Amino acid sequence: MAAAASSLDEELCCAVCSDIFKDPVVLKCSHSFCRVCLQRCWEGKSIRECPLCRRKSSVDDPPVSVVLRNIVESYLQQRSVRNVAEKSGVPKKNEAPEKSESHCSLHGEKLLLFCVEDQEPICLVCQTARKHKDHQLCPLEEAVEDKKEDLRASLIPLKEKLEKFSKVKQEFEETAKHIKSQSQHTEKRIKKEFEELHQFLREEEEARLAILRVEEMEKSEKMKEKIENISKQVSTLTEKIRDIEKAMGAEDISFLKTISDTKEKNQCSLQDPELESGALIDVAKHLGSLKFRVWEKMMETVQYTPVTLDPNTAAPQLSVSDDLISVRDTGVIQQLPNNPERFSVCVCVLGNKGFISGKHSWEVEVGDKPEWDVGVAAEFVSRKGEITYKPENGFWVVALRKGDVYTACDSPSTCLRLKTKPQRTRVQLDYDRGQVSFFNPTDMSLIHTFKGTFTGRLFPYFSPHVNNDGSNPGSLKICPVKVSVTVTSSQ
């Protein structure tokens with residue numbers, strides 16, 4: 001250790017004063033000297049040159065070597081501590097170099113350099129060892145700064161990832177709130193729908209009970225009259241019988257004198273009473289197929305639409321009615337979850353049910369709206385970007401613009417000429433034959449037919465338009481269909 005310290009003394013000595021560097025400066029030739037020693041060597045000379053290699057210097061005041069100064073200061077401090085410890089013979093516990101992370105575990109010196117090849121901090125004594133001979137070294141502070149810079153660079157993708165995760169987390173939280181709101185709203189709608197059904201059933205029950213009570217009252221009143229009439233007849237017959245029995249109990253002469261009057265007086269012309277048909281309550285009329293007849297009547301008040309809208313696909317500007325059969329463009333973007341199913345650029349909405357086979361049709365009430373799009377869309381269509389209506393993009397759509405320009409969005413688009421402006425548009429899908437047809441339901445005149453081959457699920461497509469000035473109001477509404485029940489008798 002003493003030999004290493006002596007060697008280090010030589011390395012840290014100024015070549016001019018042969019003493020430990022004081023305020024060391026470094027020349028471009030890499031030689032270092034005490035600032036005062038160098039100024040003495042240059043005093044009175046017009047040419048500035050290195051005292052060792054005689055290389056000319058272009059500066060009058062060379063910069064201080066901060067690294068060398070720090071090394072010298074650290075070395076002097078360690079030497080002082082070592083000298084105190086050697087004199088006292090008892091090293092302080094918290095000053096033991098081998099137990100400090102900032103000191104070399106082999107030499108006990110402070111770690112001031114960093115070996116780039118071995119990627120480890122070393123002390124000044126380690127610098128002269130064979131292990132680190134000819135290795136690239138740099139000051140420890142410089143290595144720390146370089147490593148910190150590397151870590152700062154590695155923080156960039158992590159922070160970007162954190163930002164994405166935080167954004168998605170916020171979206172998830174908003175989605176959770178929306179789910180709760182959807183559930184509460186749907187629960188209210190379910191209760192309302194069932195309350196309407198309950199109200200209908202209560203009213204129907206009261207109506208049918210009222211009919212039963214009327215029949216009961218009428219037939220009971222009629223039966224009461226019959227009972228009163230027959231009770232009078234019973235009293236009359238009872239009195240005649242009593243008179244005859246009394247005459248029969250008289251004496252013979254008296255009996256013979258009054259028998260003719262008695263017989264004439266007590267003759268009976270009353271017809272035998274009979275219970276008329278239909279006197280009883282018509283139970284079969286009240287209970288026969290009761291549930292079916294109530295359900296049949298309920299169908300007159302309950303609407304059925306072959307297609308309903310899926311609000312989870314509706315663009316944020318759209319407002320879907322509570323019964324899910326009409327949609328309008330509010331022109332105001334609502335705060336809704338940006339779920340994968342939702343259209344975010346195109347102002348449109350899909351039907352809730354997709355088709356992969358068979359024939360399906362529905363009518364859309366377009367009214368006098370000057371602009372709208374109606375048709376069929378494939379499940380794979382773009383939901384988050386700009387779209388172009390054409391079959392190869394998954395759209396089979398008829399559009400109205402400027403109130404009278406009808407277009408079949410085919411490849412290429414076809415301008416349609418209609419005799420009358422339809423208030424409703426009928427969309428008819430024949431999946432198996434690969435056809436989507438549009439009709440005016442008033443006279444069932446054909447508007448246009450797309451032909452092709454379908455793959456995957458197809459959905460009804462609706463796009464109401466509103467202009468920037470708020471014009472073109474109103475909604476697109478799916479029309480209900482009349483439902484009938486046919487009862488056939490089995491043979």
Side-chain angles (χ1 to χ4, degrees), residues 1-88 95 97 100-149:
M1 179 67 75
S6 176
S7 175
L8 192 58
D9 282 343
E10 295 177 1
E11 292 289 338
L12 299 180
C13 284
C14 173
V16 176
C17 65
S18 300
D19 199 357
I20 299 295
F21 286 117
K22 296 180 180 64
D23 197 15
V25 296
V26 60
L27 300 178
K28 285 189 176 181
C29 60
S30 299
H31 290 134
S32 299
F33 306 93
C34 299
R35 179 185 291 278
V36 175
C37 295
L38 185 62
Q39 294 297 334
R40 287 175 181 174
C41 291
W42 287 355
E43 187 175 356
K45 296 180 179 181
S46 59
I47 299 176
R48 304 289 188 255
E49 59 183 12
C50 175
L52 291 178
C53 65
R54 301 304 178 183
R55 182 177 176 179
K56 293 181 180 180
S57 175
S58 59
V59 294
D60 294 334
D61 188 12
V64 175
S65 175
V66 178
V67 174
L68 184 57
R69 184 182 63 185
N70 292 341
I71 292 173
V72 170
E73 291 177 356
S74 177
Y75 173 72
L76 292 175
Q77 183 180 2
Q78 292 297 322
R79 189 174 67 175
S80 175
V81 171
R82 187 167 57 250
N83 291 337
V84 172
E86 290 176 355
K87 290 179 181 180
S88 63
E95 292 181 353
S100 174
E101 289 185 358
S102 63
H103 291 75
C104 177
S105 60
L106 294 176
H107 306 107
E109 301 294 335
K110 188 173 182 179
L111 300 172
L112 299 174
L113 301 174
F114 185 78
C115 179
V116 178
E117 278 80 356
D118 296 330
Q119 291 290 300
E120 63 177 357
I122 62 174
C123 68
L124 293 175
V125 180
C126 292
Q127 178 185 8
T128 62
R130 181 180 300 176
K131 179 181 178 181
H132 300 287
K133 187 177 182 181
D134 299 328
H135 284 186
Q136 181 181 353
L137 305 177
C138 68
L140 190 66
E141 294 85 350
E142 181 180 332
V144 170
E145 189 59 35
D146 289 343
K147 296 300 181 183
K148 286 184 178 180
E149 190 63 32

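A quick note: this is a predicted structure, and the numbers were derived from the prediction, not measured. Computed over heavy atoms, backbone and side chain alike; hydrogens, waters and symmetry mates excluded.
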Inter-residue atom distance I20.CD1 - C34.SG, 0.5 Å rounding: 9.0 Å
Between SG on residue C14 and NE2 on residue H31, distance to nearest 0.5 Å: 12.0 Å
Minimum side-chain heavy-atom gap C41-V16 below 4.5 Å: yes
Side chain to side chain contact (heavy atoms under 4.5 Å, CB included) assessment of C123 paired with K110: CA-CA 6 Å; C123 68; K110 188 173 182 179; over 6 Å; no
By side-chain hydrogen bond (donor to acceptor under 3.5 Å, both in side chains) - contacts of E43 (at least two apart): none
Check: D118 and H135 side chains under 4.5 Å, non-hydrogen atoms: yes
Contacts of C138 that satisfy side-chain contact (heavy atoms from CB on, under 4.5 Å) - sequence neighbours left out: F114, V116, E142, A143
Side-chain heavy-atom pair F21, I71 within 4.5 angstrom cut-off: no
Partners passing salt bridge (Lys or Arg N to Asp or Glu O under 4.0 Å) against R35 (at least two apart in sequence or in another chain): D23, D61
Residues that E117 engages under salt bridge (Lys or Arg N to Asp or Glu O under 4.0 Å), provided they are two or more places apart: none
Euclidean distance, C17 SG relative to L38 CG, rounded to 0.5 Å: 11.5 Å
Residue pairs, two or more places apart or on separate chains, that pass salt bridge (charged side-chain N to carboxylate O under 4.0 Å, His left out) and touch residues 48-59: R48-D60, E49-R54
Heavy-atom pair of closest approach, residues V25 and P62: CG1-O, 3.7 Å
Minimum side-chain heavy-atom gap F33-P24 below 4.5 Å: no
Distance in Å, L113 CG paired with E141 CD, rounded so as to fall on 0.5 Å steps: 9.0 Å
All salt bridge (Lys or Arg N to Asp or Glu O under 4.0 Å) counterparts of K147, not counting sequence neighbours: none
Pairwise side-chain contact, L111 with S102, heavy-atom cut-off 4.5 Å (strictly under): no
Within-4.5 Å side-chain heavy-atom neighbours: I122 and L137: yes
D146: salt bridge (Lys or Arg N to Asp or Glu O under 4.0 Å) partners, not counting sequence neighbours: none
